[in-house]
Amino acid sequence: MPQRHIVYLHREHPGDMAQLPEYVKAGGYNGLMKALADMEPDDVLYQLHRSGVRGRGGAGFPMGRKASFLPKDSPRPAYVVCNADESEPGTFKDREIMEFNPFQLLEGIVLAGYAIGSNHGYIYIRGEYEHQARVLDRAIAQAYEGGYLGSGLLRSRFDFDITLYRGAGAYICGEETGLLDSLEGKRGQPRLKPPFPAVAGLYASPTLINNVETLTTVPVIVAKGADWYATLGTEKSTGTKVFSVSGHVMKPGNYEIVMGDTSLRELLYDICGGFRPGHDFKACWIGGSSVPVLTAEHVDTRLDYESCETAGTYLGSAGCIVMDDSGCIVRSSLRLAHFYRHESCGKCTPCREGTMWMEKVLQRIVDGEGRMEDLELLESIMGRISGRVLCALADGAVAPIESALRLFRDDFVHAVEHGSPAREPMAPMGA
Amino acid sequence: MSDYAPVNLSAPDQIEFELNRRRLAAPAGTMLVDAAYAHGVEVPVFCYEPRLGGPIGACRMCLVHVEGMRGLQTACSTQVQPDMVVRSDTDEVRDAHDGVLELLLANHPLDCPVCDKGGECPLQDRTFKFGPGKTQFVEHKRHFPKPLDLSSLIALDRERCITCFRCVRFSQEVAEDGHLIMRERGGDSEIATFTGDHYTGRFTGNVIDLCPVGALTSVPYRFVARPWDIKNTPSVCGHCPVGCNLELTEHEGHVARVTGRPNPNYSVEEGWLCDKARFAYPEDRAPDRVRQPLIRDAAATREVAIEEAVEAAALLLGRDGPHAFLLGPGATVEEGFLAQELASGPCRGALVAQLGLGDAPALAGLRAAPAAQLDDIDRADLVVLVGGDPANQQPVVELRIRKAVRGGGRLVSAGPRRHPLSGLGPSYITPPGRLLDGVRAAGPAFRAARRPLVLWDEADLAHEPAAAAELAGLLGATRGARQLELGADVNGAGLSALGIPGAADLVAALEQGTITTLLTIHAQPAESAGAARWAEALGRVGAVVALASHGGGIADSAAVVLPAATHREQEGVYVSMAKRAQRLRPGAAPPGGAAPGWELLIALAHRLGAAPAYRSPAATFAAAAAARPALAGLSYDVIGELGALLHAAPPATTNGAVGGGGADGTGLPLVTTLRIFGDAAAHRSDALSGVRQGAEVVLGAGEAERRGLAGAAQVRLQSPHGACTLPLRVDPRCPDGAVHATLGVPGAGVERLLAVDRSPVRVEVTAA
Amino acid sequence: MTADEIRGHIDPIRDQFAEGRSLILPALKFAQTEKGYLDGADLEAVGEAVGLTTAYVESVATFYDRLYLQPTGRRVISVCINLSCMLRGCDELLSHLTGRLGLPSDGGSTDDGAFTVQQAQCLGYCDRAPCLQVDVGETQGPMSLDDADALIEALRAAPTPDRLWR
C-alpha cells in the first residue's frame, strides 16, 4: 500500500511549506514556470485531459473534460473558482492542503486560469475555516509580493489575480452552482442546469469550478507530465487520492494513497490502526456521508472510483466515516437525516419536505415510538425524493439511509421494537 | 393564472416531437410544458410562470419522461427538440406527480373550507387531477401563527405557502421593488418583508394572482365570497390610458374584486395590474356615489325617477342654444359619439369638447412616426423616455421598461422631473421649456441603437414644440426606430378619434355667457386644469346637466344629475394610448337608479325627438365606426377579447392655444407631478386608504435656501390663473430651477394654478 | 454598525468583483463583529453600503448559519454534532457543556451574556472528534469533558476580543 505525496508534498519536506521560500525550495512553481515558458494554454489543457484526473470534490468528473467545455469565443471574462467549502461530513482533506501546502493550491489555480484563458480566480472557503483562510490570506500576499500573482507574473505577459471569499455557514454552498450564487451575493441555492458553469457560471461568465484537492494536483501534472501522473492508479482512477478517515478507528487522519493500490481493509486495519480491542468493523460511509453505506461484506473493496461503484457505493470525497459494532446504524441514520434536513436549501419540494419527514420518522423510531409500517413509509418517502430534485443534496440524503435500511434491516426492526435512545459514550480513542 | 406561455402553433419552422404517443409540433425554443398545454395536455406546474423570467425548476411538479435521458426531466425547463419522445402518462411520471403533491400537502393545512382560494386553487385542482387520494403523513404539521397582514392589501398565511418562489421572484425580478423575500432556509423558509415592514409598492397585488395556494390573499376580498357565488367578466381598466386587460368579479350585485386576466393580453399588460387598477373598485360604492337621479332648484334638491330626470334634462337642452357638451377623459367612445349625434341633431350647433388634452399640433409629427405597441418595449435595445413619469401615470409601462433593461436594453430619460425609473439609466433633468436639451443629449445613443424606442409623454411634449420636432426628426432619421405615446387621458385617444377637440373654445364660450345649457359627461371641469377659470366660467352658464357617477364638484350644483354607471359597470369602447380599441364589459349593474351613460344619452335623444336607430352600445359603436374614418373597420366582434388597433389617424382639430410659447407669470416654473395613489379614485376607494397619497410642494435644497423657505411647513403658490397652499418638502435630490407640485389630489387645488390648456406657468412661492 | 464603517471595510476589495452584490457576505460578516450579531439597523447599513434593499440583505443573512440575527453571548461555542463526532461522544460533550452553563440541552445563551453554546454541522475536524470551535478560532479536539471545563475557565479569564468574528 504505497502512500505517495502529490497534494501532501508538505509531508515530505522538512520546512514550513506555508512560507513561499520553503515551497519554492521544495520545487514549487516549477509547473507554472514550465507552462509560462514552454506551453501554450491548450497544451496545459491537453495535459489535464491526458492525466485523467477526476474532480476530487465528490462527483469525480474528469477535470480536463470540464475545462474543455468552456467556450473559447465568449466575449465575457472567464473565471476559475476553487471550491474550498469543504463541508461534506467526514471530509477534512482540503483543510490540511490549505493549511500546510497553500502555495501548491494557488499555483494550481493560476495554471488552471492559464489553461482556460482566465485572469481571475476565486477561492470560496467555508466560513468555519477562518484559521485556514488566514493562512491563505498570508500565502496570497506572499505570492503577490514574490511575483507569483498579479500582472505579468513571473515576468511573463500573463496576469492573474486570486480573491479569497469566505462563506458563512451553509453546506449547500459546496454544491457548485449554490457556491456561485453565494459568491454572487445571493442565497446559496443551486441553479437549474443547463446552462452549466462552464458556459454561464460566475456572473454568467464561463467558469471552471474545481475542488481544492483537484486544483492542487495540477502543478504536479504540469511539472511531471500527464503521462507520469497517469501511471499512478488505475485506468479510470488515475493518481492519488486523499482519504479522510474518522470514526471508530484507532488512528483517524488524512492518508494520501495511490488509487486502486489499497483495499478498504488495508486502509482501516493497517494504515488507521484498526479498532478498539473487542470491537470490529460494522459499517463505513466511504465517500463522505452522502453515499450508500458499506458493510463488513465490502471490506475488501479496492479504493478507486470503479471498485466503489461495484460495491454499490461511491468514492465521493473519500471522507471515510467508520463505525464499529458498538455503534447504532439507526441513530447514525437519524443524525444524517437531521443534517440533510438542516442543510436543505428549501428550493426543491422533495428535498425540503422529504428530508423533514425522514427526520421526523427516524426520530420517532429512535425514541421508541416507531411503527413497523414506518420502515415502508421511509422507503416510500425516499422513493419520492431520489432522482427528482435539482442538485445532489437530496440524493445524498437518501443514499446512506436507503442503503442502511436495506443492509441493516434487522437493526431498524429492533429499533422499532425497542428504540435506540442511548448516547454514544465519550471515548476518545487513538489519535 | 396564466401558468403557461402562449404558443404560436401556426408559426413557421415548427419542430415535430412525440408526446404520449401523439405526433405534435411546436416552434423551436418552446418549453415542453407550454407545447403540451397548447396541444391540450396539462403537465402540472407550481413554480413555473413564464412571465417571471426563466424557469427555476424548484417545485418539481412537472416531471416527465424523455426517451434517452436519465431520470425524469422538468418539462418547464426542457425545450422541445426534433423527434423528442416525451411521456407524461407513464406510471413513473404519475408516481412523481403523486409524490410531489403528497410532499407539498404534508405540511399544508387542510383549511380549504375557510380559505379564500378554495374552489379556485391550483393546489386543490392539481391534487384532484394528479395527486394522491390519501396521505401517509402522521406527524405534526409545520406551524406558524395564522395570517399576517403583509400590507393593508395583502394577507399572508405562511402555513399554506408551498415555497414556489413566485411572489418573491415577482418582487425581486419583475417589479424590482426588492421588498418581498424568502427568509431562512430549507423547511424553515418563509415569505417575509424586512422585519415585518408592510409590503408596499405600485404592483404588490400581483402576488395574489401569482400565488398558487391560499398563502397570499386579498385583504379587501377576504371572506367576501365563495367561487361559486361569483361571476367573472373580462374587461379593461379605466384608470389610465394603458388599457390593461383585467377581470371583474361580481358578488351580490357589485364588483367585489379585480384580478389580472387568466389569459393575459401579452400586447398590453401581460397579466400584470397596478394596485390602483386592482383595488380602486370600492369607489363604485363610495359614500359620494350618485345612486339616484336628482333635480335641483333654488328651493331644494329632489330625488326623482329616471324618466323625470331625463325629461327635465331634455327640457333644458330643448331650449334655444347654443348648448355645450363636455366629456371627461373617462367617457367612452359611445358616449362621445352620442354627444356628437345630439349636437348634430336636436341640439344642433352645440359645442362638443373633451376635458383631456385633445389634439396638440406640436405632436402631429411624433404621432406620424412608426408606432410601437407595449410589447415592443421588451425587445428595444434602447428606450428613450421623454417627459412623463410612467411609474405613476401609466404604471404597467414601468414593468415593461424594467424588463427591457433586465434583458440588456438601455434606458435614457429626459424630462422635467425625477421619477422612479430615473435611476435605471442616464437621466437628464431639464427645466420646463428646455426639454429640447434633454432630447439632444439622448440623440447620440439613439442614433447608435438598433431597435430604439421612444416613449414620450403627451402632456409634457404638447408644450415643448422644439423638443417634439427634434424627437420627430430623430425618429424619421433612424431606421427601425419607433415611438409610443404615454397618453394623459384614459380615453383621450378614443375621443380624439371621434374628432372631439380640447375644451379651449368651450370654456371661452362659457365665459362669454352665450351657452344656454352645459351637459357634462363624466366631466369634473372645476377639478381639472384651469380649475379657477372653469369655476368662473361655470357661473355664467344658463343651466348644467351632469351625467356623473360620483358627487362632488359639478354634480353638487347641476340642475339635473343623471346617475351614471362607472367604467366597471357599463359597456363601451376605450382606445388606449397605443391606439388599441378595447371593450369594457360590465362587471356588475350600477347601483340604485344609476344607468350606463350610453343608455341615458339615447333616452335623452328620444326625449328630444331624435331617437337614434340604434339601441345598444354595440350598435352605437357600429354607427360611430361607420361615420368616423379613424374607427373604420372596427366593431365589437372585431375588437373581441384582446382589442384591435386603429389604423387611421384621428382627424385634426383646432384646440385653441395649445403649443409653444413661454410660461405665463413670474417666479419659478411649475412642474406638476401625479402620484399613482393620489387621484380621486384612490382617495375614494377605502381599500387604498392605507396607501393613498396626498399633495405637496417639493423644492430643491438650494432653491428653498435662496427663497428663505428652508424652514417653512406650508407654502402658497400663486400663478396668473390661481393660487393654492400646500405642505412643503425640501428634497436635496430635487433639481433647482423649478417648483414641483402634486396634481390630481382631490381638494389640493394645484389645478387652479394651471391654464385650461395646461400650458406652462410660473408661480410665486411664499411661506404660508 | 454604520454604513460608512462597512464601506471602509469593503471599499478596498470592491474592484475584485464584477458585481457589487458579491460584497454582501464580507459586509455582513464585518458588520457582525461589533455586537456579535446583526440587528435591523446593521442590515440596513449593509444594504446601504452594498446598494441593496434591507429586505434582500435579510433574505441572504438568514440563509447562513454563521450570521446571527439574534443576540449571542460574547463567545460562541459551536459543538460539532455530525456523525463522526457523534460516534466519538459529542452528545456527551454537548450535554456536559450546556449542563455546566445551565443551558437547555440543545444549546442556548447564558443569562450573563458570556456564552452561547450551539450545535454545529461537520466542522471538518473529524480526525479530532469530538471537536468544537470557539467563535472562528481554530477548531479544537478531541475534547474530553475535562478539556471542556478547562476551556470554559480559560474563556472566562480571557478578555473579550475587540472584534467578534463569528
Side-chain angles (χ1 to χ4, degrees), chain A residues 77 86-92 94-95 120 126-131 161 163 165-171 173 182-189 202-203 205 244-248 252-254 285 289 319 321-323 327 331-332 335-336 338-339 342-343 345 423-429 431, chain C residues 13 16-29 32 50 52 56 59-67 78 80-93 95-96 119-130 133 135-139 141-145 165-166:
Chain A
E86 183 171 67
S87 309
E88 180 67 21
T91 310
F92 44 91
D94 298 342
R95 183 196 86 203
H120 202 151
R126 65 182 304 205
E128 293 86 341
Y129 279 179
E130 179 63 26
H131 175 71
D161 292 302
T163 298
Y165 194 88
R166 291 156 162 90
Y171 171 68
C173 294
S182 179
L183 180 49
E184 286 181 7
K186 302 171 184 160
R187 293 158 61 84
Q189 295 186 320
L202 184 63
Y203 308 127
S205 296
S244 303
V245 187
S246 65
H248 289 146
N254 282 318
W285 296 262
S289 63
I321 307 168
V322 188
M323 186 174 84
R331 278 178 57 79
S332 300
R335 193 56 57 105
L336 293 178
H338 171 77
F339 165 71
H342 180 79
E343 298 295 350
C345 83
R423 277 206 295 251
E424 287 68 17
M426 280 290 285
M429 294 161 290
Chain C
I13 56 169
Q16 297 180 29
F17 303 96
E19 290 176 15
R21 180 146 62 173
S22 288
L23 294 162
I24 190 169
L25 281 189
L28 281 165
K29 292 178 77 133
Q32 185 169 264
V50 184
L52 299 162
Y56 181 86
S59 83
V60 171
T62 54
F63 190 81
Y64 297 96
D65 286 343
R66 291 295 183 100
L67 294 170
S78 303
C80 177
I81 59 154
N82 212 298
L83 183 51
S84 299
C85 284
M86 180 190 99
L87 296 173
R88 287 189 165 237
C90 69
D91 291 7
E92 195 72 42
L93 174 64
S95 118
H96 179 80
Q119 303 178 15
Q121 292 304 338
C122 183
L123 291 168
Y125 280 73
C126 324
D127 49 343
R128 300 186 210 165
Q133 185 175 26
D135 300 330
V136 285
E138 191 180 3
T139 299
M143 296 291 292
S144 67
L145 301 185
W165 290 101
R166 292 282 187 253

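We name chains A, B, ... by the order of the sequence lines, and we start the count at 1 in each one.
- Among A/Gly253, A/Ser244, A/Gly188, the residue with the largest count of heavy-atom pairs under 4.5 Å with chain C is A/Gly188.
- Of the two parts of C/Gln133, only the side chain, counted from C-beta on, holds a non-hydrogen atom closer than 4.5 Å to a non-hydrogen atom of chain A.
- If you tally non-hydrogen atom pairs under 4.5 Å between each of A/Ser246, A/Gly327, A/Cys173, A/Ala170 and chain C, the highest count goes to A/Ser246.
- Of the listed residues A/Met323, A/Lys186, A/Glu86, the one with more heavy-atom pairs under 4.5 angstrom with chain C than any other is A/Lys186.
- Residue A/Tyr165 touches chain C through its side chain alone, counting heavy-atom pairs closer than 4.5 Å.
- Judged purely by atom type and a 3.5 angstrom limit, A/Glu343 uses its side chain to pair as donor or acceptor with the backbone of A/Tyr171.
- Side-chain contact check for C/Pro142 versus C/Pro130: some heavy-atom pair is nearer than 4.5 Å.
- At a threshold of 4.5 Å between non-hydrogen side-chain atoms, the residues C/Leu83 and A/Phe339 do not count as touching.
- Only the backbone of A/Glu88 comes within contact range of chain C, with at least one heavy atom under 4.5 Å from a heavy atom of that chain.
- Only the side chain of C/Tyr56 comes within contact range of chain A, judged by heavy atoms closer than 4.5 Å.
- Judged as a salt bridge (charged side-chain N to carboxylate O under 4.0 Å, His left out), and not counting sequence neighbours, the contacts of C/Asp91 are A/Arg331, A/Arg335.
- A salt bridge links A/Arg166 to A/Glu130: at least one charged side-chain nitrogen sits closer than 4.0 Å to a carboxylate oxygen.
- Chosen from C/Leu25, C/Ile24, C/Val60, the residue pairing most often with chain A at heavy-atom distances under 4.5 Å is C/Leu25.
- Counting heavy-atom pairs under 4.5 Å between each of C/His96, C/Arg66, C/Gln119 and chain A puts C/Arg66 at the top.
- Of the listed residues C/Ser22, C/Cys122, C/Ala18, the one with more heavy-atom pairs under 4.5 angstrom with chain A than any other is C/Ser22.
- Neither the backbone nor the side chain of C/Ser78 has a heavy atom closer than 4.5 Å to any heavy atom of chain A.
- In this structure, the portion of A/Ser87 lying under 4.5 Å from any heavy atom of chain C is its backbone and not its side chain.
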Trace of the side-chain contact (heavy atoms from CB on, under 4.5 Å) decision for C/Trp165 with C/Asp135: CA-CA 6 Å; C/Trp165 290 101; C/Asp135 300 330; over 6 Å; no
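- Within the 4.5 Å cutoff, side-chain heavy atoms of A/Leu336 are placed close to those of C/Asn82.
- Heavy atoms closer than 4.5 Å to chain A are found in both the backbone and the side chain of C/Leu145.
- By number of non-hydrogen pairs under 4.5 angstrom with chain A, the leading residue of C/Thr139, C/Leu23, C/Ile81, C/Leu67 is C/Ile81.
- Side-chain atoms of A/Glu184 come within 3.5 Å of backbone atoms of A/Tyr203 as a donor-acceptor pair (strictly under, hydrogens ignored).
- There is no contact between C/Leu52 and chain A, counting heavy-atom distances below 4.5 Å.
- Atoms OG and CZ, on A/Ser182 and A/Arg187 in that order, are 11.0 Å from each other to the nearest 0.5 Å.
- Atoms CG and CE, from C/Leu93 and C/Met143 in turn, are 6.0 Å apart once rounded to the nearest 0.5 Å.
- Between chain C and the residues A/His131, A/His338, A/His120, the largest count of heavy-atom pairs under 4.5 Å involves A/His131.
- Heavy-atom distances place the backbone of A/Thr91, and not its side chain, under 4.5 Å from chain C.
- Taking the ring centre of C/Tyr125 as origin, the terminal cationic atom of A/Arg95 falls inside the region bounded by 6.0 Å and 45° from the ring axis.
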